[in-house]
Amino acid sequence: MKGGAKVVVEKHRHEGIFVARGKEDALVTKNLVPGDSVYGEKRISVDEADGGKTEYRVWNPFRSKVAAGILGGLDNVHIKPGTKLLYLGGASGTTVSHCSDIVGPNGLVYAVEFSHRSGRDLVNMAKKRTNVIPIIEDARHPQKYRMLVGMVDTIFADVAQPDQARIVALNAQYFLKQGGNFIVSIKSSCIDSTAAPEAVFAREVKKLQEDGFKPKEQLTLEPYERDHAIVVGAYRVSKDKK
């Protein structure tokens with residue numbers, strides 16, 4: 001996808017996210033490190049009125065649950081410029097890098113990943129993105145990295161573990177501010193491959209509610225992911241905010 005006259009970049013309704021309008025529309029984020037691709041994604045350079053250029057990176061929804069959720073119509077993603085985000089299940093940093101673009105220089109992304117192999121890619125990506133703090137640890141044990149992480153506005157979790165709801169709750173107790181927000185990607189087959197996905201999603205939402213989370217939105221990630229749902233909401237909201 002080439003930039004210039006053929007592509008027009010417009011603001012998405014979610015702050016810090018954009019849409020490139022061209023032959024094919026694409027979700028994009030403004031590249032925090034111009035000239036650098038993270039996972040071979042396409043980059044678009046757009047001429048600005050002042051004679052400068054702005055570079056955007058195409059955000060592939062087939063490789064990112066957050067992008068899939070945005071294109072699926074989530075009302076809120078709670079990731080915007082200045083957000084402090086705790087990202088559980090950072091993997092190689094594909095989505096983390098786009099979150100880094102969105103939160104910008106005034107935000108932070110604490111990215112927790114258990115696998116050392118994926119963690120190497122995550123660490124390398126973070127060398128160029130100073131707003132990403134890679135943490136190679138098991139998200140089940142937040143006490144191990146409590147000295148590295150400050151209080152955050154939002155937790156995003158994509159850990160694909162049977163006890164994911166408990167993992168999210170543990171991390172929220174340590175790091176998520178009261179009235180902060182959460183986004184959880186649920187892969188039904190990782191939790192119970194014998195039950196219908198809808199039943200698994202309902203059970204997981206109930207667990208989250210029991211741990212002080214207030215789910216506000218839920219949608220499936222078809223056609224980008226099969227048997228996946230994304231749940232978004234708030235944490236320990238005071239009674240006057242309900």
Side-chain angles (χ1 to χ4, degrees), residues 12 14-20 26-33 36-43 56-74 76-104 107-115 117-137 139 149 152-161 164 167-168 171 181-187 190 217 219-226 228-232:
H12 193 279
H14 295 306
E15 192 184 351
I17 300 169
F18 302 85
V19 179
L27 203 63
V28 296
T29 56
K30 191 181 289 185
N31 196 354
L32 192 71
V33 189
D36 190 55
S37 280
V38 173
Y39 57 99
E41 73 281 7
K42 291 174 180 169
R43 303 195 310 275
Y56 298 87
R57 301 165 55 230
V58 174
W59 197 359
N60 183 347
F62 290 96
R63 296 191 59 173
S64 170
K65 315 288 193 322
V66 178
I70 291 164
L71 289 174
L74 282 176
N76 280 298
V77 286
H78 304 294
I79 303 168
K80 61 186 181 184
T83 296
K84 290 181 173 57
L85 172 69
L86 175 59
Y87 192 116
L88 304 177
S92 299
T94 298
T95 301
V96 172
S97 69
H98 286 286
C99 291
S100 157
D101 286 346
I102 296 165
V103 305
L108 275 175
V109 184
Y110 300 98
V112 180
E113 173 53 43
F114 182 56
S115 158
R117 179 180 288 183
S118 297
R120 276 198 298 272
D121 294 333
L122 185 64
V123 167
N124 285 332
M125 181 268 290
K127 285 175 184 171
K128 291 182 180 174
R129 292 173 172 270
T130 52
N131 64 355
V132 176
I133 297 167
I135 299 165
I136 314 306
E137 279 290 354
V149 181
V152 298
D153 306 299
T154 304
I155 286 182
F156 172 76
D158 179 20
V159 292
Q161 295 294 332
Q164 175 165 273
I167 293 169
V168 176
N171 280 272
N181 299 289
F182 72 93
I183 313 155
V184 178
S185 169
I186 302 167
K187 184 178 180 182
C190 279
E217 291 184 77
L219 57 84
T220 57
L221 295 184
E222 302 275 359
Y224 308 108
E225 297 277 359
R226 285 189 61 198
H228 275 72
I230 200 161
V231 181
V232 180

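- Atom CD of Glu41 and atom CG of Asp36 lie 8.0 Å apart (nearest 0.5 Å).
- Interatomic distance, CG of Leu32 versus OG of Ser97, reported as 10.0 Å (0.5 Å rounding).
- Ile102 has its side chain out of reach of His14: every pair of non-hydrogen atoms, C-beta onward, lies at least 4.5 Å apart.
- Thr95 is not listed as a side-chain neighbour of Lys65, based on a closest heavy-atom distance of 4.5 Å or more.
- Using a distance-only test at 3.5 Å, with no hydrogens or angles considered, no donor-acceptor pair links the side chain of Asn76 to the main chain of His78.
- Put simply, the side chain of Ser64 never gets that close to the backbone of Pro61: no donor and acceptor are under 3.5 Å apart.
- For Asn171 (side chain) and Ala139 (main-chain N/O), a donor-acceptor pair under 3.5 Å exists by modelled atom type.
- Here the side chains of Ile79 and Val103 are in contact, with some heavy-atom distance below 4.5 Å.
- For the residue pair Asn131 and Ser100, a side-chain donor N or O sits within less than 3.5 Å of a side-chain acceptor on the partner.
- Counting heavy atoms from C-beta outward, Val66 and Trp59 have side chains that approach closer than 4.5 Å.
- Between Phe18 and His12 the shortest side-chain heavy-atom distance does not fall below 4.5 Å.
- Counting only distance, with no hydrogens or angles, the side chain of Asp121 and the backbone of Ala91 share no donor-acceptor pair below 3.5 Å.
- A heavy-atom distance below 4.5 Å is not found between the side chains of Val232 and Val77.
- Judged by distance alone, with hydrogens and angles left aside, the side-chain atoms of Gln164 form a donor-acceptor pair with the main-chain N or O of Val159 at under 3.5 Å.
- With contacts defined as side-chain heavy-atom distances shorter than 4.5 Å, the pair Ile230/Ile183 qualifies.
- Checked for salt-bridge contact, Arg129 and Asp101 meet the test: a charged N lies under 4.0 Å from a carboxylate O.
- Between Tyr39 and His98, the two ring planes are perpendicular [angle over 60°; tilted spans 30° to 60°].
- When all heavy atoms of Gly73 and Glu217 are compared, the pair lying nearest together is O-OE1, 4.4 Å.
- Note: Glu222 CD to His228 NE2 = 10.0 Å, rounded to the nearest 0.5 Å.
- Looking at every heavy atom in both residues, Val184 comes nearest to Phe182 through CG2-CD1, 3.6 Å.
- The two residues Val168 and Ala157 have their closest heavy-atom pair at CG2-CB, 3.5 Å.
- In this structure the side chain of Pro81 reaches within 4.5 angstrom of the side chain of Glu15, judged on heavy atoms.
- The OG1 atom of Thr154 sits 6.0 Å away from the CG atom of Leu85 when rounded to the nearest 0.5 Å.
- With rounding to the nearest 0.5 angstrom, the OG atom of Ser92 is 7.5 Å from the CD atom of Glu113.
- Across every non-hydrogen atom of Ser185 and Asp158, the tightest pair is OG-OD1, 3.7 Å.
- In this structure, OG1 on Thr130 lies 9.0 Å from CG on Leu108, to the nearest 0.5 angstrom.
- Judged by distance alone, with hydrogens and angles left aside, the side-chain atoms of Ser115 form a donor-acceptor pair with the main-chain N or O of Arg117 at under 3.5 Å.
- Among all heavy-atom pairs drawn from Tyr224 and Ala68, the shortest one is CD1-CB, 3.7 Å.
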